[in-house]
Amino acid sequence: MRNLHVANPGQDRSHASGTNGTSDQKRILVGLGDAELDTFFPAGLPGDDERLCWKVLDTKHLDDDSWVEALREFEPEILLSGWSTPKLTEEIIDSPWFKVKYCCHLTGSVRNTLPARAFEKGMLVTNWGRLASTPVAEHALLLTLACLRRLPSWKTVMKLPLDEFIKERADLHTRTLIGKRVGLHGFGFVAREIVRLLKPFEVEISSYSAGVPTEFFREHDVEPADSIEELFANNEVIIECEALTPETQGSVGAELLDLLQPKSVFVNVGRGAVVDEDALVKRIQRGDIRVGLDVYSEEPLPLDSQLHSLKDVLLSPHIAGPTEDVRPRCGLFALENISRYLRDEPLKSQVDLVAYLRST
C-alpha cells in the first residue's frame with residue numbers, strides 16, 4: 001500500500017494515469033474525511049493498478065454540488081463510504097449517469113448513506129459486520145459489572161475518614177453478575193456477542209426483539225421472552241441493544257422502566273432515542289436501580305442533563321465501539337471485500353434490504 005494524496009473536494013484524485021482510468025479498470029470513489037482515512041487506513045490506501053483507478057474526496061468541505069459532480073464525472077462502479085460520506089439520494093441513484101454497483105461501507109448502518117431505493121436498484125452493500133460487535137458487547141459487560149459493583153461511588157468512599165470509610169464501604173452493597181437473570185432488548189450482532197461473553201458467568205439469558213423468530217433465540221441458547229414487559233419485569237439486568245426505528249423510538253418508557261426490579265441494573269449500548277430519557281431520570285430518582293449509559297437522546301449529553309448528577313449512574317461518552325485498535329481491521333476488511341468484488345467472489349457482511357430496514 002501507499003498513501004494517496006487527498007486534495008480539495010471535487011478535484012480529480014485519480015492517479016497513476018492522471019485520468020479517469022482505462023476501460024480495463026474499475027473506478028472506485030472514496031468519500032471520507034482525513035480523520036476517517038487516518039483511523040481506518042493508517043498505512044494508506046492502495047494505489048492505481050491494472051484493476052482499479054482510485055479517486056479520493058476529502059468530505060470536510062464537500063458540498064452537494066461537488067458530490068454530484070464527482071459522481072457524474074468519475075462514474076465510479078465502487079463507492080468506499082463512511083461516517084462523513086454525503087448521502088446518495090434517490091435522485092442521484094435514479095440518474096442515467098449513475099454507475100455505482102457496489103457500496104463498500106466502512107462502518108455500521110448505511111441508512112445515512114443510502115436510501116432503500118439503492119437495494120431496489122440491485123446495488124451490493126457491505127459494512128463492517130461483526131467487527132464492531134465484540135467491542136460494543138465488551139463495553140456492555142464493563143458497564144454491567146461496574147454498576148453491580150457500584151463503581152460510580154468508589155471515588156467518594158475512598159476519600160472518607162476511617163470510620164466513615166468502613167461504614168460507607170459496607171453500604172456499597174456490591175453485587176456479582178454470577179448467576180443473575182439477564183435480559184437483552186434486541187438480538188442483533190451485538191446482543192449475540194453479549195451472549196457469548198456472558199457464558200462464563202453462568203447467567204440465565206432471555207431476550208425480546210419484535211420479529212425475531214423464537215427458534216433463532218433458542219439456537220443461541222437464549223430464552224425468548226413472550227413480551228418486552230416480561231423481559232423488563234423478570235430480569236435483574238437489562239441490556240438495551242435494540243436498533244432505532246420509528247417503531248422502537250421512545251419505546252422504553254415509564255411503564256417499562258417501572259417494571260425494573262429494585263437493585264436491578266439497566267445498561268444502554270444501543271441507541272439513546274430508544275429510551276424515554278425523562279422517564280429514565282424519574283425512575284433513577286427512586287434510588288433503587290443502577291444505570292450504565294453509553295448513548296443518549298442528544299449527544300454530547302447536555303451539561304444541564306440531570307443524568308450528570310444522579311447517584312448510581314455511570315456515563316460513558318459513546319465509546320463502546322469500535323475501539324481505536326479495531327478500526328484499522330475494519331479498513332482491511334473493506335479492502336478485502338473490494339478484492340472479492342473484483343474477483344466476482346461472494347462478499348462478506350453483505351447488507352440486504354431487511355437488515356437495512358432494521359438498522360439505525
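Computed from a predicted structure; not experimentally measured. Just the heavy atoms: all of them, side chains too, but no hydrogens, waters or symmetry mates, feed the values below.
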Assess the side chains of [X] and [Y]: does a donor N or O sit below 3.5 Å from an acceptor N or O?
X      : Y      : value
Glu242 : Tyr208 : no
Ser349 : Asn127 : no
His318 : Ser316 : no
Thr245 : Glu247 : yes
Ser297 : Glu277 : yes
Thr134 : Glu193 : yes

Could you tell me which residues satisfy side-chain hydrogen bond (donor to acceptor under 3.5 Å, both in side chains) with Glu36, sequence neighbours excluded, listed by chain and number?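 Testing Glu36 for side-chain hydrogen bond (donor to acceptor under 3.5 Å, both in side chains), a comparison that skips the adjacent residues, returns Ser84.
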
Apply side-chain hydrogen bond (donor to acceptor under 3.5 Å, both in side chains) to Glu219 and list each qualifying residue two or more places apart in sequence or on a separate chain.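 Glu219: no side-chain hydrogen bond (donor to acceptor under 3.5 Å, both in side chains) contacts found.
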
Look up atom [atom1] in [X] and atom [atom2] in [Y], then write down how far apart they are to the nearest 0.5 Å.
X      : Y     : atom1 : atom2 : result
Ile338 : Leu80 : CD1   : CG    : 5.0 Å
Glu73  : Ser66 : CD    : OG    : 10.0 Å
Ile93  : Lys87 : CD1   : NZ    : 9.0 Å

Could you report the tightest heavy-atom contact between [X] and [Y], atom names first, then the distance?
X      : Y      : result
Thr113 : His105 : OG1-CE1, 3.2 Å
Ile92  : Phe98  : O-CB, 3.3 Å
Cys241 : Val269 : CB-CG2, 4.4 Å
Gly33  : Thr59  : N-OG1, 3.1 Å
Leu231 : Ile238 : O-CD1, 3.3 Å
Thr126 : Lys348 : CG2-O, 3.4 Å

Pairwise side-chain contact, [X] with [Y], heavy-atom cut-off 4.5 Å (strictly under):
X      : Y      : value
Leu29  : Trp54  : no
Pro322 : Leu131 : no
Val267 : Val237 : no
Leu280 : Leu293 : yes
Val136 : Phe189 : no
Trp128 : Asn337 : no
Ile284 : Ile289 : yes
Leu177 : Leu198 : yes

Does [atom1] belonging to [X] count more than 12 external heavy atoms closer than 6.0 Å?
X      : atom1 : result
Glu91  : CD    : no
Glu336 : CD    : yes
Glu324 : CD    : no
Lys311 : NZ    : no
Asp64  : CG    : no
Gln261 : CD    : yes

Side chain to side chain contact (heavy atoms under 4.5 Å, CB included) between Val281 and Leu310: does it pass, once the steps are laid out? CA-CA 8 Å; Val281 166; Leu310 290 173; 4.0 Å; yes

Honestly curious: do [X] and [Y] fall in one hydrophobic cluster under the side-chain, below-4.5 Å linking rule?
X      : Y      : result
Leu301 : Val295 : no
Leu197 : Val190 : yes
Ile194 : Leu141 : yes
Trp67  : Met123 : yes
Leu79  : Trp97  : yes

Classify the angle between the aromatic ring planes of Tyr356 and Phe119 as parallel (below 30°), tilted (30 to 60°) or perpendicular (above 60°).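 Tyr356 vs Phe119 ring planes: tilted.
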
Phe217 and Phe187 aromatic ring geometry - parallel, tilted or perpendicular at 30°/60° bounds: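 Geometry flag for Phe217 against Phe187: tilted rings.
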
If the threshold is 4.0 Å, N to carboxylate O, is there a salt bridge linking [X] and [Y]?
X      : Y      : answer
Arg283 : Asp276 : no
Lys167 : Asp171 : yes
Asp258 : Lys282 : no
Arg51  : Asp49  : yes
Asp94  : Arg117 : yes
Arg27  : Glu75  : yes

Just list the side-chain donor-acceptor pairs under 3.5 Å for residues 199-207, sequence neighbours left out, or say none.
{"unit_1": "Ser206", "atom_1": "OG", "unit_2": "Asn235", "atom_2": "ND2", "d": "3.2"}
{"unit_1": "Ser207", "atom_1": "OG", "unit_2": "Leu184", "atom_2": "O", "d": "2.9"}
{"unit_1": "Ser207", "atom_1": "OG", "unit_2": "Gly186", "atom_2": "O", "d": "3.2"}

Compute both the distance and the angle, then confirm whether Arg290 meets the cation-pi test with Phe266: under 6.0 Å from the six-membered ring centre, within 45 degrees of the axis.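 Not satisfied by the 6.0 Å and 45° rule.
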
Against Val182, only a single residue in Ile239, Val195, Val265 fulfils side chain to side chain contact (heavy atoms under 4.5 Å, CB included); can you say which?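 With Val182 as partner, side chain to side chain contact (heavy atoms under 4.5 Å, CB included) holds for just one option, Ile239.
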
Would you mind writing out the side-chain donor-acceptor pairs for residues 145-152 within the sub-3.5 Å range, not counting sequence neighbours?
{"unit_1": "Arg149", "atom_1": "NE", "unit_2": "Arg175", "atom_2": "O", "d": "3.3"}
{"unit_1": "Arg150", "atom_1": "NE", "unit_2": "Asp312", "atom_2": "OD1", "d": "2.6"}
{"unit_1": "Arg150", "atom_1": "NH1", "unit_2": "Leu172", "atom_2": "O", "d": "2.7"}
{"unit_1": "Arg150", "atom_1": "NH2", "unit_2": "Asp312", "atom_2": "OD1", "d": "3.4"}

Going through the distances and angles, do Glu77 and Lys99 end up as a salt bridge (Lys or Arg N to Asp or Glu O under 4.0 Å)? CA-CA 5 Å; Glu77 181 172 331; Lys99 305 296 184 183; over 6 Å; no

Residues forming a ring pair (Phe, Tyr, Trp, His ring centres under 6.0 Å) with Trp83, sequence neighbours excluded: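 Result, ring pair (Phe, Tyr, Trp, His ring centres under 6.0 Å) vs Trp83: Phe40.
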
Tell me every residue that passes salt bridge (charged side-chain N to carboxylate O under 4.0 Å, His left out) with Arg72, counting only those two or more places apart in sequence or in another chain.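 Salt bridge (charged side-chain N to carboxylate O under 4.0 Å, His left out) check on Arg72 returns nothing, list empty.
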
Decide yes or no on salt bridge (Lys or Arg N to Asp or Glu O under 4.0 Å) for Glu240 and Arg271, but give the supporting numbers first. CA-CA 8 Å; Glu240 181 60 59; Arg271 288 290 183 260; over 6 Å; no

Can you check side chain to side chain contact (heavy atoms under 4.5 Å, CB included) on Leu342 and Lys26, steps first, answer last? CA-CA 8 Å; Leu342 296 174; Lys26 305 285 189 184; 3.5 Å; yes

Would the distance check show the side chain of His308 and the main-chain N or O of Asp304 forming a donor-acceptor pair, the cut-off being under 3.5 Å?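 Absent.
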
